[in-house]
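In what follows, a structure is listed as structure tokens, so that the remarks can point back to it.
Numbering of residues begins at 1 and proceeds along the displayed sequence. Just so it is clear, the values below take in all heavy atoms, side chains as well, and ignore hydrogens, waters and symmetry mates.
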Amino acid sequence: MKKDSVMKFYSSKGYIIVALISFLIIMAIISFSDKAYIVTVILIATLSYLVWMWYDTYYMIDGDKLFYKSALLKGSINISTIVEIVKNKTQFSGIKPSLSTKGIIIKYNKWDDIYISPIDIDRFIGALKNVNPSIKTIE
């Protein structure tokens, strides 16, 4: 991979986010029909944020940096600091710019980790290893 090439990977979308969006749509319709307009506004605001996440959650490899973005949550990681990737795990704490429960945990620096869920996990890991071949992968 050339150092100046940019690769973009979108997040997979899990059933939990689909169920949550569906539930919020139904609740917004019910609250509107019951004339509970304040509740409707809150539900629509929450729904809007989730839809924003749906369309704006991705991971980008640009040179030796991994960028992640999920609506308001964004940041970057030096790929040279990635030590280990754990496949097909779910993480319940820490940074999670993800829309799915099937993803990977990237361990970097000494104690940091992040949970992400690219659609094509193997291609994503391969792209990271092209930049840093010393990354250890755990199945």
Side-chain angles (χ1 to χ4, degrees):
M1 183 172 90
K2 295 186 304 185
K3 284 286 186 188
D4 60 349
S5 64
V6 176
M7 299 181 75
K8 192 171 189 178
F9 299 85
Y10 286 94
S11 176
S12 61
K13 280 107 174 143
Y15 63 91
I16 293 174
I17 192 81
V18 172
L20 186 57
I21 289 172
S22 301
F23 175 75
L24 288 172
I25 290 170
I26 291 167
M27 293 307 296
I29 292 168
I30 291 170
S31 65
F32 183 77
S33 67
D34 286 345
K35 296 183 176 34
Y37 300 121
I38 293 174
V39 173
T40 304
V41 168
I42 293 169
L43 289 170
I44 289 174
T46 305
L47 181 61
S48 298
Y49 186 75
L50 289 175
V51 169
W52 180 19
M53 285 176 56
W54 182 274
Y55 289 105
D56 198 35
T57 299
Y58 62 88
Y59 321 104
M60 191 168 59
I61 298 172
D62 186 359
D64 63 349
K65 293 255 191 210
L66 166 61
F67 296 92
Y68 57 89
K69 183 164 184 346
S70 182
L72 293 173
L73 179 62
K74 62 183 175 178
S76 67
I77 299 168
N78 288 326
I79 296 173
S80 63
T81 66
I82 297 175
V83 178
E84 183 178 271
I85 297 174
V86 182
K87 289 176 68 173
N88 301 320
K89 294 291 180 183
T90 301
Q91 181 170 311
F92 295 103
S93 64
I95 302 172
K96 295 181 3 176
S98 171
L99 300 173
S100 177
T101 57
K102 184 181 178 195
I104 59 176
I105 299 169
I106 296 177
K107 297 182 180 186
Y108 62 102
N109 295 330
K110 190 168 182 167
W111 306 107
D112 298 319
D113 58 18
I114 185 170
Y115 176 81
I116 62 174
S117 61
I119 293 171
D120 189 342
I121 291 173
D122 292 326
R123 187 170 154 254
F124 180 80
I125 292 172
L128 290 174
K129 284 188 170 190
N130 279 339
V131 178
N132 179 359
S134 67
I135 296 172
K136 182 177 162 186
T137 306
I138 297 176
E139 299 283 332

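- Once rounded to the nearest 0.5 Å, the distance linking CD of Glu84 with OG1 of Thr137 reads 8.5 Å.
- Hydrophobic clustering of Ile, Leu, Val, Met, Phe, Trp and Tyr side chains at less than 4.5 Å, counting indirect connections, unites Tyr49 with Tyr55.
- Ile105 contributes atom CD1, which lies 10.5 Å from atom OG of Ser98 (distance to the nearest 0.5 angstrom).
- How far NZ of Lys13 is from CD1 of Ile21: 9.5 Å, rounded to the nearest 0.5 Å.
- Rounded to the nearest 0.5 Å, atoms CG (Leu20) and OH (Tyr15) are 12.5 Å apart.
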For the pair Ser11 and Leu99, evaluate side-chain contact (heavy atoms from CB on, under 4.5 Å) and give the outcome as yes or no after the intermediate values.
CA-CA 6 Å; Ser11 176; Leu99 300 173; 3.8 Å; yes

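- In this structure, Ile25 is a member of the same hydrophobic cluster as Val39, with clusters built from ILVMFWY side-chain heavy atoms closer than 4.5 Å.
- Hydrophobic clustering places Ile85 together with Ile95 (ILVMFWY residues linked when any side-chain heavy atoms are closer than 4.5 Å, directly or through intermediates).
- Atom CD1 of Ile38 has 12 or fewer neighbouring heavy atoms from other residues, nucleotides or ligands inside a 6.0 Å radius.
- Considering only heavy atoms from C-beta on, Ile116 comes within 4.5 Å of Pro97 through its side chain.
- Residue Lys87 qualifies as enclosed at atom NZ: its count of foreign heavy atoms under 6.0 Å is above 12.
- Within a 6.0 Å radius of CZ in Phe23, other residues, nucleotides and ligands contribute 12 heavy atoms or fewer.
- Ser31 approaches Leu43 most closely through the heavy-atom pair OG-CD1, 3.7 Å.
- We find the CD1-OG1 distance between Ile135 and Thr81 to be 9.0 Å, quoted to the nearest 0.5 Å.
- By the rule that hydrophobic residues join a cluster once side-chain heavy atoms approach within less than 4.5 Å of another member, Trp52 and Leu24 end up as members of one cluster.
- Taking every heavy atom of both residues into account, Lys102 and Ser117 meet most closely at O-CB, 3.5 Å.
- Taking each heavy atom of Val86 and Lys107 in turn, the nearest pair found is CG2-CE, 4.1 Å.
- Nearest heavy-atom pair across Lys65 and Asn78 is NZ-OD1, 2.7 Å.
- A heavy-atom distance below 4.5 Å is not found between the side chains of Ile44 and Phe32.
- Residues Ile79 and Asn132 approach most closely at O-ND2, 3.0 Å, considering heavy atoms.
- Counting heavy atoms of neighbouring residues, nucleotides and ligands inside a 6.0 Å radius, atom OH of Tyr37 exceeds 12 of them.
- Under the side chain to side chain contact (heavy atoms under 4.5 Å, CB included) test applied with Ile77, the options Leu128, Ile82, Asp64 reduce to a single match, Ile82.
- Leu66 is not listed as a side-chain neighbour of Ile114, based on a closest heavy-atom distance of 4.5 Å or more.
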Would Phe67 and Tyr59 satisfy ring pair (Phe, Tyr, Trp, His ring centres under 6.0 Å), going step by step from the backbone distance to the final call?
CA-CA 6 Å; Phe67 296 92; Tyr59 321 104; over 10 Å; no

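- Screening Tyr68, Tyr10, Phe9 for a ring pair (Phe, Tyr, Trp, His ring centres under 6.0 Å) involving Phe124 leaves a single residue, Phe9.
- Applying the salt bridge (charged side-chain N to carboxylate O under 4.0 Å, His left out) definition to pairs two or more places apart or across chains, those involving residues 33-56 are Asp56-Lys69.
- At least one donor-acceptor pair under 3.5 Å links the side chain of Tyr115 to the backbone N or O of Gly103.
- Val18 is connected to Leu47 through a chain of hydrophobic side-chain contacts under 4.5 Å among Ile, Leu, Val, Met, Phe, Trp and Tyr, so both are in one cluster.
- In this structure, the separation between CG on Leu73 and CE on Met53 is 8.5 Å, given to the nearest 0.5 Å.
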What verdict does the side-chain contact (heavy atoms from CB on, under 4.5 Å) test give for Lys110 and Val83, after you've listed the backbone C-alpha separation in whole Å, the side-chain angles of each residue and the deciding distance to 0.1 Å?
CA-CA 8 Å; Lys110 190 168 182 167; Val83 178; over 6 Å; no

